[in-house]
Amino acid sequence: MFPILYDLHCHSLRSDGALSPQALVELAAEQGVSHLALTDHDTLAGVAEARQAALTTGIDLINGVEFSCQWQNRGIHVVGLNFDLTDSALLAAIGRMATIRQQRSEQIAERLGKLGFPGCLQGAQRYANGAVVGRPHFAQYLIELGVVKDFNQAFKRYLGNGKAGDVRHQWPELAEVVGWIVAAGGVAVIAHPLKYDLTRTKLVALLSSFLEAGGKALEVISGSDQSPDQTRNLAALAGKMGLYASVGSDFHSPGMPWQMLGRTGQLPDTIAPVWQCWS
């Protein structure tokens with residue numbers, strides 16, 4: 001009997017990942033993942049291809065998406081799991097998010113153009129290959145132009161927080177996004193809580209708002225390099241607040257040891273895993 005290994009947060013080239021959905025699922029199978037959720041940003045474009053690959057590899061593919069939203073003027077990401085792919089309201093919401101992202105990419109390109117880098121939108125679209133255009137695609141084009149040597153430099157100089165390419169859109173509110181997921185029969189999860197640089201008081205406030213909106217889970221493990229102390233602290237917080245625990249690598253590309261597919265470690269036995277919501 002094969003061991004059970006969940007990875008409920010990863011990305012393909014249908015958003016800002018490097019691999020096709022098929023290649024992603026095949027890599028997950030090689031890494032021993034038994035249950036996988038493809039959670040591309042604000043899109044379901046890769047799910048059908050991933051599901052076909054999952055049938056071939058024997059992986060149990062769980063419907064997934066990662067939505068951008070805001071809470072108290074802070075950007076927050078919410079993962080949706082195990083929802084109805086045909087839910088009309090959810091599909092309409094995804095269409096709305098695609099429009100927001102398109103407007104954002106046009107503004108990023110305009111700002112970069114004013115810095116003397118022409119053709120950024122077309123260049124980023126080429127790297128996106130039909131997917132939603134994001135800042136990583138602009139970074140690839142800046143590397144191509146020879147303006148920067150790598151992704152880190154692209155974000156440090158032009159695309160990171162506070163830089164010219166950091167265009168902040170009016171994302172939907174947290175409660176609205178959670179509502180989309182819940183109405184579609186899914187489970188809403190706060191993604192990578194340690195990335196928001198919140199005090200514990202603020203994190204508790206965020207989770208309280210999330211629970212009030214119908215959210216059910218916290219990503220207790222995110223990535224491949226989270227410390228045991230961080231995991232224990234998040235598990236204790238989730239348990240105290242009555243949240244289930246999720247786990248995901250947030251994989252984007254091979255060669256990133258801090259986001260290795262299927263290499264997240266095990267959730268503590270003290271906390272109920274999110275898959276209990278549907279298994």
Side-chain angles (χ1 to χ4, degrees), residues 9-21 24 38-50 63-71 73-80 83 85-145 147-148 151 154-155 157-174 176-181 184 191 250 252-253:
H9 186 165
C10 63
H11 301 277
S12 77
L13 54 69
R14 294 300 181 182
S15 61
D16 58 349
L19 301 181
S20 69
L24 175 68
L38 173 61
T39 56
D40 278 325
H41 292 284
D42 304 312
T43 181
L44 301 175
V47 173
E49 182 182 339
N63 294 337
V65 67
E66 183 176 10
F67 282 122
S68 299
C69 62
Q70 63 176 344
W71 172 79
N73 295 318
R74 293 176 180 267
I76 302 293
H77 286 183
V78 175
V79 165
F83 47 81
L85 284 175
T86 66
D87 183 81
S88 58
L90 183 70
L91 294 176
I94 286 174
R96 172 183 164 191
M97 296 297 279
T99 299
I100 292 174
R101 284 191 171 273
Q102 176 61 29
Q103 293 171 344
R104 181 176 182 245
S105 65
E106 290 171 358
Q107 287 187 292
I108 292 173
E110 182 180 355
R111 291 187 181 188
L112 293 175
K114 290 179 179 179
L115 294 178
F117 310 134
C120 283
L121 182 58
Q122 293 77 12
Q125 288 172 333
R126 177 158 43 82
Y127 281 106
N129 195 28
V132 176
V133 174
R135 284 183 293 175
H137 302 122
F138 284 103
Q140 286 177 287
Y141 183 62
L142 291 177
I143 294 169
E144 177 188 318
L145 290 179
V147 175
V148 293
F151 276 86
F155 275 83
R157 292 184 179 179
Y158 303 109
L159 299 168
N161 292 341
K163 304 302 179 182
D166 179 27
V167 175
R168 298 187 181 276
H169 259 284
Q170 194 71 17
W171 299 114
E173 290 291 333
L174 172 73
E176 183 177 11
V177 167
V178 172
W180 297 341
I181 297 166
D250 199 8
H252 284 75
S253 174

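Nothing fancy with the numbering, it's 1 onward along the sequence.
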Which atom names give the shortest non-hydrogen contact between C120 and L142, and what distance separates them? SG-CD2, 4.5 Å

Non-neighbouring partners of D42 that pass salt bridge (charged side-chain N to carboxylate O under 4.0 Å, His left out), sequence neighbours left out: R101

Suppose we screen for salt bridge (charged side-chain N to carboxylate O under 4.0 Å, His left out). Which residues come up paired with R135, at least two apart in sequence or across chains? D166

Once side chain to side chain donor-acceptor pair (under 3.5 Å) is applied, do any residues pair with E49, and if so which ones, sequence neighbours excluded? none

Tell me, which pairs form a ring pair (Phe, Tyr, Trp, His ring centres under 6.0 Å) where one or both residues lie in residues 87-109, sequence neighbours left out? none

Partner of F67 under ring pair (Phe, Tyr, Trp, His ring centres under 6.0 Å), chosen from F83, W171, W180: W180

Which pair of non-hydrogen atoms, one from L44 and one from G64, has the smallest distance, and what is that distance? CD2-O, 3.7 Å

Taking only residues two or more places apart in sequence, or in another chain, which ones meet E110 in a side chain to side chain donor-acceptor pair (under 3.5 Å)? none

Extract all donor-acceptor atom pairs below 3.5 Å that involve side chains of residues 121-131 and protein atoms in other chains or at least two apart in sequence.
| from | atom 1 | to | atom 2 | distance (Å) |
| --- | --- | --- | --- | --- |
| R126 | NH1 | E144 | OE1 | 3.1 |
| R126 | NH2 | E144 | OE1 | 3.2 |
| R126 | NH2 | E144 | OE2 | 3.2 |
| Y127 | OH | E144 | OE1 | 2.8 |

Given V65 and T39, is the side-chain contact (heavy atoms from CB on, under 4.5 Å) satisfied, shown in steps? CA-CA 4 Å; V65 67; T39 56; 5.7 Å; no

Partners meeting side chain to side chain donor-acceptor pair (under 3.5 Å) with T86 (sequence neighbours left out): D84

Indicate the atoms forming the closest heavy-atom contact of A139 with F155, along with that distance. CB-CE1, 4.0 Å

Hey, are Q107 and Q103 close enough side-chain-wise for a donor-acceptor pair under 3.5 Å? no

Begin from the C-alpha positions of E173 and C69 and carry the test side-chain contact (heavy atoms from CB on, under 4.5 Å) through to its verdict. CA-CA 5 Å; E173 290 291 333; C69 62; over 6 Å; no

Would you say the side-chain atoms of R14 pair up with the backbone N or O of P21, donor to acceptor, closer than 3.5 Å? no

Tabulate below the donor-acceptor pairs under 3.5 Å that side-chain atoms of residues 87-95 make, not counting sequence neighbours, or state none.
| from | atom 1 | to | atom 2 | distance (Å) |
| --- | --- | --- | --- | --- |
| D87 | OD2 | A89 | N | 3.3 |
| D87 | OD2 | L90 | N | 2.9 |

Without placing hydrogens or testing angles, list every side-chain donor-acceptor pair under 3.5 Å for residues 158-165, not counting sequence neighbours.
none

Heavy-atom closest contact (I181 atom, G80 atom, distance): CD1-CA, 3.7 Å

In short, H137 meets S15 closest at the heavy-atom pair CE1-O, 3.0 Å

Under the rule for side chain to side chain donor-acceptor pair (under 3.5 Å), what residues qualify as partners of W71, not counting sequence neighbours? S209

Kindly write out the residues that satisfy ring-ring contact (aromatic ring centres under 6.0 Å, His included) with H11, not counting sequence neighbours, or none if the list is empty. H9, H41, H252

Rounding to 0.5 Å, atoms CG (D40) and SG (C10) come to a distance of 7.5 Å

Residues in salt bridge (charged side-chain N to carboxylate O under 4.0 Å, His left out) contact with R96, at least two apart in sequence or another chain: E176

State whether the side chain of S253 and the backbone N or O of G17 hold a donor-acceptor pair below 3.5 Å, judged by distance alone. no

Hey, are the side chains of V147 and Y141 touching, using non-hydrogen atoms and a 4.5 Å cut-off? no

Consider side chain to side chain contact (heavy atoms under 4.5 Å, CB included). Of L19, T43, L38, which one does S12 pass it with? L38

Would you name the heavy atoms of S68 and V177 that are closest together and state the gap between them? O-CG2, 4.1 Å

